[in-house]
Chemist: 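The structure's right below; bear with me while I get my questions together.
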Amino acid sequence: SGEPQAAQDLTDLRVVVSAGGTREPIDPVRFIGNRSSGRQGIALARAAQDRGARVTLVGANLSEPLDGLEDVVTVGSTAELREAMLSLAPDADVVVMTAAVADFRPAHTPASKIKKVPGQGPAPIELVENPDILAELARDRGRPGQVVVGFAAETGDASGDVWHHGRAKARRKGADLLVINPVGHGKGFGTDTNEVTIVDAQGETVAQAQGTKREVADAVWDAVLKVSPPPAA
Ligand code: CTP
Ligand code: CA
């Protein structure tokens, strides 16, 4: 299966890719989540495996098929995702965060279901900020020469366009590469194709790509090879 004709240019690279979206428990039956399908991350994992890498996919709440992927770790919340990434990163040559990580989580999660009280409105849910896993991975490199890649689904707003926000984020995160994906108007989330610009830690453009999630995935791996060519055998 996959693409057996793919160039084996990632042979022996150890790669960890996160995909999907984290869910933060409100109580035992409810959560705060997001609509990430995980398809771009799964495409990255498949592409790397087809190109010869040893890949671990860390999947958060995926409902897409994972057939053919050799090593899958399943997580739910941001805390679980963070724990999995921090434990896998020390052995990885490349770490890619495509997962949509919940920025906030409920401050308290009662052990029993929250009940509604007749005649009373809902109690507010207090939120606290989650740790920034990508920034942590970028700061505490698992091994020398490790390449850390982030993804950013961006929209423009009153304070700047997609590219302004994307470049600022690249500088803030400290990742070697940030894949900027403009979303909205039928782009990005839940669609079959993507259009991305890959920037470095200074926010300078390294590559642009558009096409299927697989084509975008291959462009990301090409950019990783440009940043860090594999050691000569
Ligand atoms: N990310 C992460 N941990 C978080 C939030 C985000 O590791 N707590 C990672 C995502 O996996 C992605 C990158 O950071 O690779 C960018 O995510 P994004 O949500 O765009 O960035 P934020 O810093 O959360 O900024 P924003 O306020 O735009 O959501
Ligand atoms: Ca965010």
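Order of appearance sets the numbers: ligands from 1, and atoms from 1 within every ligand. Here, residue 1 is the first one in the sequence, and each next residue gets the next number. Below, all heavy atoms of this structure are taken into account, side chains as well, without hydrogens, waters or symmetry copies.
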Chemist: Could you list which atoms of ligand 1 come closer than 4.0 Å to a heavy atom of Ala99?
Modeler: 10 (C), 11 (O)
Chemist: Return the option from Ala135, Ala168, Pro131 holding the heavy atom at the smallest distance from atom 8 (N) of ligand 1.
Modeler: Pro131
Chemist: Could you list the atoms of ligand 1 found under 4.0 angstrom from a heavy atom of Met97?
Modeler: 7 (O), 11 (O), 12 (C), 15 (O)
Chemist: Could you tell me whether Asp132 and Arg172 have a side-chain N and a carboxylate O separated by less than 4.0 Å?
Modeler: no
Chemist: Which part of Asp103 is near ligand 1, with near meaning a heavy atom under 4.0 Å away: side chain, backbone, both or neither?
Modeler: side chain
Chemist: How close does the nearest protein non-hydrogen atom get to atom 3 (N) of ligand 1, and which residue and atom is it?
Modeler: Ile133 N, 3.1 Å
Chemist: Side-chain heavy atoms nearer than 4.5 Å, only ILVMFWY residues, links allowed to pass through others: does that put Val101 and Phe31 together?
Modeler: no
Chemist: Please identify which atoms of ligand 1 are closer than 4.0 Å to at least one heavy atom of Leu134.
Modeler: 2 (C), 7 (O), 9 (C), 13 (C), 14 (O), 15 (O)
Chemist: So with a 6.0 Å cut-off around CD of Glu83, is the heavy-atom count from everything else above 12?
Modeler: no
Chemist: If you measure from each non-hydrogen atom of Lys173 to ligand 1, which part falls under 4.0 Å: side chain, backbone, both or neither?
Modeler: side chain
Chemist: Looking at Phe151, which atoms of ligand 1 are within less than 4.0 Å of one of its heavy atoms?
Modeler: 12 (C), 13 (C), 15 (O), 16 (C), 17 (O)
Chemist: Write out the residue and atom name of the closest protein heavy atom to atom 20 (O) of ligand 1, then the distance separating them to 0.1 Å.
Modeler: Lys169 NZ, 2.6 Å
Chemist: Between Lys226 and Asp200, is there a side-chain N and carboxylate O pair less than 4.0 Å apart?
Modeler: no
Chemist: So that I can tick it off, tell me whether Asp71 and Arg54 are bridged by a salt bridge, with the cut-off set at under 4.0 angstrom between side-chain N and carboxylate O.
Modeler: no
Chemist: Taking Arg141 first and then Asp176, would you say they form a salt bridge - that is, a charged N and a carboxylate O separated by under 4.0 Å?
Modeler: yes
Chemist: Quick one: closest heavy-atom pair of Leu88 and Thr56, and the distance?
Modeler: CD1-CG2, 3.9 Å
Chemist: Below 4.0 angstrom from a heavy atom of Gly150, which ligand 1 atoms are there? Numbered from 1 as shown, please.
Modeler: 15 (O)
